[in-house]
Structures are given as structure tokens and as C-alpha cells.
**Q** 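Sharing a structure below in C-alpha cells format, with a few things to ask.
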Protein chains: 2
Amino acid sequence: MSASQIDAVALDGVGPLYDQIRRAIRDLILNGVWPPGTAVPPEHALMERLGASRMTVHRALVQLAREGLITRRRRSGTIVASPPASHAMLDILSIPEEVRGLGHAYALTVLQRRDGRAQRPVVSLFELGRAVDVVHLSVLHWADGVPHVLEERVIHLATVPAAAQEDFSTIPPGDWLLQNSLWSQAEHAISAVAATAEQAELLAIAEGDPCLLVERRTWNQGEPVTAVRLLYPGGRHRFVGRFGPYGKV
Amino acid sequence: MSASQIDAVALDGVGPLYDQIRRAIRDLILNGVWPPGTAVPPEHALMERLGASRMTVHRALVQLAREGLITRRRRSGTIVASPPASHAMLDILSIPEEVRGLGHAYALTVLQRRDGRAQRPVVSLFELGRAVDVVHLSVLHWADGVPHVLEERVIHLATVPAAAQEDFSTIPPGDWLLQNSLWSQAEHAISAVAATAEQAELLAIAEGDPCLLVERRTWNQGEPVTAVRLLYPGGRHRFVGRFGPYGKV
DNA sequence: AGCGTTTAATTGCATATGCAATTAGAGAGG
DNA sequence: CCTCTCTAATTGCATATGCAATTAAACGCT
């Protein structure tokens with residue numbers, strides 16, 4: 001933990017002290033100032049830096065740990081946690097993991113790739129005012145030789161320039177992005193659509209068959225990162241989640 | 001708070017004291033022993049009852065408040081919170097609220113009702129070994145005179161006997177159940193299906209059109225409460241949610 | 001170098017204390 | 001009866017203290 005890192009913790013004077021500390025550290029993590037794996041200063045260091053008692057600092061850190069943002073171990077200290085790769089039904093998830101979790105062998109095919117200026121539909125997708133450079137991919141994911149899901153993806157090169165050098169022949173774009181980009185906000189939408197003739201052929205279903213369409217857009221600090229449409233054959237897939245009255249179980 | 005209520009708080013000796021207290025009270029709430037609105041004993045009373053310091057009791061209660069299970073107010077005390085009626089995308093939700101939230105007028109039609117022994121498909125739906133008494137309903141929900149969603153529902157009479165006396169002509173079964181039943185666990189599944197001829201006619205779409213099918217099963221303490229299938233015309237509906245890397249935003 | 005032992009850094013937990021903020025309800029006064 | 005004031009019950013917050021548990025790293029021994 002360098003001096004610059006601990007100096008980044010700044011209180012805003014609003015609300016209870018423990019909550020100021022909690023929010024200060026939370027914001028450093030959420031804004032990527034302290035990326036996953038970063039060592040959080042030990043309690044007594046924060047104590048001195050912030051002029052608070054150890055118990056107050058402790059309270060803030062315990063709460064952050066409960067929220068999953070940090071991991072704490074006695075003696076080793078506190079580090080920024082890695083965001084869980086996949087949550088429940090609708091969070092960011094890895095398609096290879098999803099397929100392997102079902103007990104199938106995973107494979108992928110890059111059907112098409114176009115780099116360059118985004119076309120009009122992509123511009124409106126991200127609600128941009130102008131055309132920008134993107135990578136535009138179509139990928140088919142297979143489970144035991146059966147088409148599993150058809151992915152159409154756009155990656156915003158201004159925020160993820162490294163995407164231009166990656167060919168995505170072994171790692172799908174979703175997984176690659178989890179390792180090579182940061183995101184702070186995402187939006188999902190689920191709907192049901194009929195497969196077009198082209199889609200139906202790729203997914204080995206009939207034209208017009210119902211499909212589950214998952215659309216996801218991701219931003220980092222307000223800048224677009226990626227957008228994806230995942231088309232699942234309706235007959236083969238369902239998303240399941242379990243809940244209790246007060247939230248996820 | 002009667003003596004019997006405070007005596008219900010029992011520690012199990014496992015793990016930290018504050019967490020024993022937290023779990024003891026949480027379980028009383030989740031098991032319906034302390035229904036929503038019940039006064040939780042004040043910190044002093046729990047202190048004496050449990051032989052813990054006030055700060056330790058406080059810590060447990062603050063955490064429960066953060067989890068949304070209780071509501072605390074100075075001087076007034078602590079009461080068991082009402083479970084939120086609807087969460088995000090996939091939690092239990094009220095269809096009238098959903099429709100009105102979109103700015104439409106809500107109406108419902110009970111298409112069919114059958115009370116009595118559950119048919120075989122219902123038995124397997126709940127994974128029961130035998131036929132049981134149920135209410136079986138088909139309800140169509142309207143938004144501004146346009147079919148919004150088709151609901152098929154089964155209510156388990158052994159756990160919700162009052163359902164036999166309710167005609168569901170003004171309040172939809174989902175909303176009625178939120179007020180007249182307890183549930184401790186639910187399972188959702190989302191898939192895409194093609195509308196059958198009958199469904200298509202009711203929803204004013206074409207046969208074979210893609211629909212979003214939401215299936216939900218609900219239990220209380222392991223006993224089935226209700227199961228429902230909600231069929232949304234695919235072209236008209238999408239479920240949207242927003243997330244950050246560490247969870248819902 | 002390799003291996004066991006000790007040390008000490010760090011978090012986890014519980015208690016005690018004191019004061020502040022909120023406000024339901026009691027009491028005073030009309 | 002009504003209204004205002006005051007009291008006190010209850011939670012909220014912060015600090016100080018002490019000890020326990022974990023374990024990385026230093027140390028010492030062969």
C-alpha cells in the first residue's frame with residue numbers, strides 16, 4: 001500500500017463517520033482506482049489517516065466485506081475482491097461455464113468479424129451522437145456439437161483498444177472482456193422473438209421458432225464498453241432463479 | 001412485546017454471539033413466528049434476556065435492518081418489516097402495478113376456474129406424490145383494453161384454505177396471495193415458447209408467435225403454496241434490469 | 001538449503017461508557 | 001377537551017480497551 005493509495009481515501013463529511021469511510025472506500029473500488037487484488041490499508045493505518053477509532057474503521061470495512069467488495073483475512077490483511085464472474089439468472093455470465101455446467105463440451109465458431117466505423121444501428125444502440133470505431137462480431141457457441149446460443153457483439157474500441165488485436169478464436173468475447181475491461185454499469189433486457197431464416201439455420205431450428213433474446217449493454221464510467229445480443233433457442237433453454245421473500249436465497 | 005415473544009429468541013451457541021442473535025431473530029421472522037408489524041424487543045430487553053452487551057445486540061439488529069428484515073426508529077422501537085411487494089426484474093410482482101407503472105388502465109378477466117383434486121400435470125409441477133385439493137384458475141390481464149398477460153395459476157388449498165372463498169374478480173390471484181399467504185421460497189424460470197392457437201386468440205396475437213413464459217413456484221416451509229405460468233406476448237414485453245459489477249444498482 | 005519454532009501484524013469479537021437525536025406519551029395548563 | 005411542554009424510552013454513533021484467532025514472515029537449528 002503506497003502513500004498515494006491511502007491518501008486517496010477522502011471523507012466528505014456527510015452522515016455518520018463509519019459510513020463516510022465505507023463510501024469513500026467503496027467509491028475507490030467501484031471507480032477502478034483500487035482494482036481487484038489491491039491491498040486495502042490495514043485498520044490502524046486508516047485510523048491514523050482518518051482520525052477515527054479502530055472500531056469505527058472496522059465497522060466500515062466489515063460492512064464492505066459483507067457487501068462482497070473486499071476480502072479480509074487475519075494477519076494477511078484486506079484486499080479488493082474480484083467481482084463475481086456470474087451471479088444468478090441475469091447477471092454477466094460466461095457461456096463456456098454455462099455450457100460446461102450443463103455437462104456438455106464447449107466450442108465456439110466466429111462467423112463474422114467487421115472492424116471499423118459503427119453502423120447506424122450500433123450508434124443508436126449505445127445512444128451515441130456519432131459513429132465510432134468498434135469491433136463487430138458474430139459468434140456461435142456450441143454444446144456437444146449442438147448450437148447453444150448465437151451471439152452478436154459490438155465492442156467499443158475507444159474504451160477497449162486491445163480488442164482490435166484479439167481474434168476470439170479460443171476465448172469468447174464475453175470472457176475476454178471480463179478479463180480485459182472494466183465496467184461499472186450494465187443493463188439487461190429479456191424478450192422473446194421469432195428466429196429469422198438466417199438465425200434459424202445457424203441454430204438448427206425452424207424459421208419463426210420462439211427464441212429467448214438477452215440483450216446486454218455495458219458501460220464504464222458512462223463510456224460504452226460493449227453491447228451483446230444472445231439468442232437462445234426457446235425450446236432448449238430456460239433461466240432459473242430461486243428467491244425468498246426478502247431477496248435471493 | 002409479550003414474554004412469550006421475547007422468550008422465542010433462542011441462541012444456538014454456534015459462531016459469534018452477534019451472529020447467533022442475528023440468526024435467531026432472522027429465523028423467527030422468516031418462519032412467520034414474528035409476522036410483519038410485530039414489535040421486536042428493545043435492545044435493553046434483548047440484552048437482559050441474552051446476557052449480551054447492548055453493542056452486541058445492536059450490531060445484530062443493525063445488520064437485520066440493513067438486510068431489510070426489520071425497521072428501526074428511535075424512541076418508537078423496532079418492528080418486523082413487510083417484505084417488499086416487488087423487487088427487480090424477476091421477483092414476485094403485482095401485475096396491476098406493472099400495468100399501471102406503464103401508464104395503462106388495468107383490468108382482469110377470470111376465464112375459468114376449477115376447484116378440486118389436482119390433475120396429474122399439477123401434481124408433477126409441485127413434485128407431489130399424490131393428488132391434492134387445489135384452486136385452478138385462468139386469468140387474462142388487460143392493459144388499456146389490450147391483452148397484457150395470460151395467467152394460469154394453481155393454489156394449494158391445504159396451505160391457503162381461504163382461497164376457496166375468494167372469487168378473484170377484482171383482485172388478481174397474485175396480489176391476493178401476497179396479502180393472504182406466507183411464502184419462504186420461490187423459484188422462477190423464464191423461457192420462450194410459441195403461442196398455441198387458444199393462447200394466441202386470447203392474447204390477440206398469431207398462433208406460433210413467440211411469447212415469454214415466466215413460471216413461478218412458491219413454497220412455505222417446504223409446503224407448496226402456489227404455482228403460476230405467465231405468458232407474455234413476446235413482441236410487446238421485455239424485462240429490464242440494471243446492474244453493477246458487484247450486484248444490482 | 002530445508003525445516004520447525006517463534007514472533008508479531010492483522011483482523012475478529014465482546015464489553016463498557018457516554019452522549020446525541022428522535023419522538024411517543026405523560027403531564028400541565030388553559 | 002384541547003394544546004403545549006416536558007420527560008424519558010429507544011435507537012444511533014463514536015470511542016477506548018482487552019483479548020482471541022490466524023498466519024506471514026522472521027528466526028534458528030540442523
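These figures come from a predicted structure and were not determined experimentally. Within every chain, numbering begins at 1; the chains are lettered A, B, ... in the order of the sequence lines, protein sequences first and strands thereafter.
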**Q** Looking only at side-chain N and O atoms, does B:Tyr18 come under 4.0 Å of OP1 or OP2 in C:dA14?
**A** no
**Q** Looking at side-chain heavy atoms only, is the closest gap between A:Ile79 and A:Ile70 below 4.5 Å?
**A** no
**Q** Taking the side chain of A:Met55 as heavy atoms from C-beta outward, which of D:dT11, D:dA14, C:dA14 is closest to it?
**A** C:dA14
**Q** Over how many whole Å does the gap from B:Gln20 atom CD to C:dG12 atom P extend?
**A** 18 Å
**Q** Mapping A:Leu17 and A:Arg54 to their closest nucleotides on DNA chain D, which lands nearer the 5' end?
**A** A:Leu17
**Q** What's the CD-C1' distance between A:Glu48 and D:dA16, to the nearest Å?
**A** 16 Å
**Q** Check each residue of residues 56-64 of chain B for a non-hydrogen atom within less than 4.0 Å of any atom in DNA chain C, then write out the ones that pass by number, or none.
**A** B:Thr56, B:Arg59
**Q** Using a strict cut-off of less than 4.0 Å between a Lys/Arg side-chain nitrogen and an Asp/Glu carboxylate oxygen, indicate whether B:Arg59 and B:Asp19 qualify as a salt bridge.
**A** no
**Q** Regarding B:Asp27 and B:Arg23, does a basic nitrogen lie under 4.0 Å from an acidic carboxylate oxygen?
**A** no
**Q** Salt bridge between A:Glu43 and A:Arg72, side-chain N to carboxylate O under 4.0 Å?
**A** yes
**Q** What is the distance, to the nearest angstrom, from the CZ atom on B:Arg72 to the P atom on C:dT23?
**A** 14 Å
**Q** Please report, rounded to the nearest Å, how far the C1' atom of C:dT10 is from the CG atom of A:Leu46.
**A** 12 Å
**Q** Is A:Glu67 paired with A:Arg26 through a side-chain N to carboxylate O contact shorter than 4.0 Å?
**A** no
**Q** With heavy atoms under 4.0 Å as the rule, sort A:Gly15 into base, sugar-phosphate or nothing.
**A** nothing
**Q** Can the ring centroids of B:Tyr18 and B:His58 be said to lie less than 6.0 angstrom from one another?
**A** no
**Q** Between B:Leu212 and A:Ile190, is any pair of side-chain heavy atoms under 4.5 Å apart?
**A** yes
**Q** Under 30°, 30 to 60°, or over 60°: which ring-plane class applies to B:His141 and B:Tyr106, parallel, tilted or perpendicular?
**A** tilted
**Q** Could I get a table of every N or O pair under 3.5 Å where one atom is in the protein and the other is in nucleotides 20-22 of chain D?
**A**
| from | atom 1 | to | atom 2 | distance (Å) |
| --- | --- | --- | --- | --- |
| D:dA21 | O3' | A:Arg74 | NH1 | 3.4 |

**Q** Starting at atom CE of A:Met47, determine the distance to atom P of D:dA14, rounded to an integer number of angstrom.
**A** 15 Å
**Q** For A:Arg229, does its backbone N or O pair with a side-chain atom of A:Glu152 as donor and acceptor, under 3.5 Å?
**A** no
**Q** Please determine if a side-chain N or O atom of A:His44 lies less than 4.0 Å away from the OP1 or OP2 oxygen of C:dA9.
**A** no
